[in-house]
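What follows is one structure encoded as structure tokens, with my remarks underneath.
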Amino acid sequence: MGAAKDPNDVLQTAAGWLEDRRSVALATVTTTWGSAPRQAGSQMAVREDGAFVGSVSGGCVEGAVIAEAQAALKDGKVRNLTFGVSDEQAWAVGLACGGTIAVHVEPVVSREERDLILRTQEARHSGQAVVLASALDAPESRLVFTGAASTDPLANAAKAAARADKGEAVQADGRDWFLTVFNPPLDLAIIGAVHIAQPLATMAALADYRVRIIDPRGAFATPERFPGVSLVNEWADEALRASPLGPRSALVALTHDPKLDDPGILAALNSSAFYIGALGSKKTHARRLERLATQGMSQQQLARIHGPIGLSIGARSPAEIAISILGEMTQILRAG
């Protein structure tokens with residue numbers, strides 16, 4: 001599940017610099033007010049020579065943050081900075097009005113801190129959901145693996161942040177911390193290489209999903225119809241057994257054919273997928289529920305299926321239906 005190197009990936013780049021024995025400071029947006037350019041959790045990594053990757057303000061205050069990061073690398077102390085973004089500056093980065101951001105700058109100075117950043121990147125590379133908890137009063141961080149059971153307040157707060165997919169400031173153990181969430185990529189499994197799947201695959205990729213289209217019919221799932229999309233020419237149950245759905249996964253069944261859709265839906269119902277949707281009318285969906293009930297699915301499990309699929313926006317064309325599907329997926333994902 002490891003990802004290719006991305007020069008714009010802040011933690012990946014920081015880990016590479018640390019492996020090359022360079023000095024690095026991490027700057028993280030911890031709080032925003034008003035129409036701030038970047039949301040809480042946005043990061044920059046700054047090297048001792050001023051090289052940087054990432055953004056905390058879209059360009060408004062990066063210069064000041066880089067200077068503070070270089071100073072932090074010299075004295076080993078954290079900085080908690082507050083910047084106001086004026087309306088004029090906001091226009092320069094594409095916003096209608098300004099806001100205020102708080103930025104935590106942490107020098108990665110000790111061997112333990114360096115090792116922690118490298119471990120965090122290794123966990124991301126292996127596809128694990130992790131949270132980096134940074135103390136706001138000292139250069140101290142903790143790595144929280146969100147899949148492990150714990151009674152520790154900080155660990156439980158980290159799990160909640162990972163579920164919400166949102167960085168946030170919390171208090172635990174009598175101290176202030178900021179939780180930076182590193183979740184695995186979103187995953188969309190589409191059953192059926194049909195016409196709606198074409199715009200949906202493109203739109204979902206733009207929304208940062210890793211898309212795979214599952215269809216045993218070779219004439220449908222072709223690179224010509226789906227350029228650049230991962231195609232799996234297997235039955236859905238086989239494909240999902242080889243690459244299971246997880247809590248960051250969505251499954252969309254589009255074929256109208258029970259032989260193709262039902263095995264995949266059954267696999268999704270027995271997984272932790274956050275979204276399961278199936279194309280079809282109300283009558284089609286009612287018959288689908290009857291079939292799945294005979295396969296041992298409970299009413300609670302069946303209630304997880306969104307059918308008819310998508311938000312009710314009056315969609316007609318394949319692209320409009322794809323928008324309604326992706327909109328509903330986003331609504332469910334962000335509802336936590």
Test log, rule salt bridge (Lys or Arg N to Asp or Glu O under 4.0 Å), inputs D257 and K259: CA-CA 5 Å; D257 186 340; K259 297 191 303 295; 3.3 Å; yes
Between CH2 on residue W17 and CD on residue Q12, distance to nearest 0.5 Å: 12.0 Å
Heavy atoms of other groups near F145 CZ, more than 12 under 6.0 Å: yes
Side-chain heavy-atom pair V10, T13 within 4.5 angstrom cut-off: no
L179 vs L154 side-chain heavy atoms within contact, under 4.5 Å: yes
N183 side chain vs A129 backbone, donor-acceptor pair below 3.5 Å: no
Joint cluster assignment, W235 & I214, ILVMFWY side-chain distance < 4.5 Å: no
N/O donor-acceptor pair under 3.5 Å between E48 side chain and S23 backbone: yes
Side chain to side chain contact (heavy atoms under 4.5 Å, CB included) partners for P263, two or more places apart: D237
V232-L251 co-clustered via ILVMFWY side chain contacts under 4.5 Å: yes
4.5 Å side-chain heavy-atom contact, V65 and E68: no
Heavy-atom side-chain contact between L18 and V108 under 4.5 Å: yes
Partners passing salt bridge (charged side-chain N to carboxylate O under 4.0 Å, His left out) against D173 (at least two apart in sequence or in another chain): R142
I66 vs M44 side-chain heavy atoms within contact, under 4.5 Å: yes
hydrophobic_cluster_shared for V170 and L26, side chain cutoff 4.5 Å: no
Carboxylate-amine/guanidinium contact D215 R217, below 4.0 Å: yes
Donor-acceptor pair between Q39 and T32 side chains, under 3.5 angstrom: no
Verdict with supporting geometry, R304 and Q301, side-chain hydrogen bond (donor to acceptor under 3.5 Å, both in side chains): CA-CA 6 Å; R304 294 177 60 196; Q301 288 175 301; over 6 Å; no
Residue F182 excluded, over 12 heavy atoms near CZ under 6.0 Å: yes
R212 (side chain) donor-acceptor with S243 (main chain) under 3.5 angstrom: yes
Short side-chain to backbone donor-acceptor contact, R210 and D187, under 3.5 Å: no
Straight-line distance of H125 NE2 to T120 OG1, nearest 0.5 Å: 14.5 Å
Expected output: side-chain N80 to main-chain L136 donor-acceptor under 3.5 Å: yes
Interatomic distance, K77 atom NZ to E106 atom CD [nearest 0.5 angstrom]: 15.5 Å
Donor-acceptor under 3.5 Å (E62 side chain, S57 main chain): yes
Atom pair CD1 (I191) and CG (L240), whose distance is rounded to the nearest 0.5 Å: 6.0 Å
Rounded distance [0.5 Å steps], NE2 in H104 versus CH2 in W177: 10.0 Å
Donor-acceptor contact present, side-chain E113 to main-chain S141, <3.5 Å: yes
L118-L143 co-clustered via ILVMFWY side chain contacts under 4.5 Å: yes
Flag, side chain of N270 to backbone of L266, donor-acceptor distance under 3.5 Å: yes
Flag side-chain contact, heavy atom, 4.5 Å: Y275 against I309: yes
Sidechain-backbone polar pair: E238 side chain, E234 backbone, donor-acceptor under 3.5 Å: no
Nearest atoms (heavy-atom pairs only) where A138 meets R175: CB-NH2, 4.1 Å
Atom pair CG (L132) and CZ (F178), whose distance is rounded to the nearest 0.5 Å: 10.0 Å
Short side-chain to backbone donor-acceptor contact, Q198 and R225, under 3.5 Å: yes
Side-chain H-bond candidate by donor/acceptor type, Q300 with S298, under 3.5 Å: no
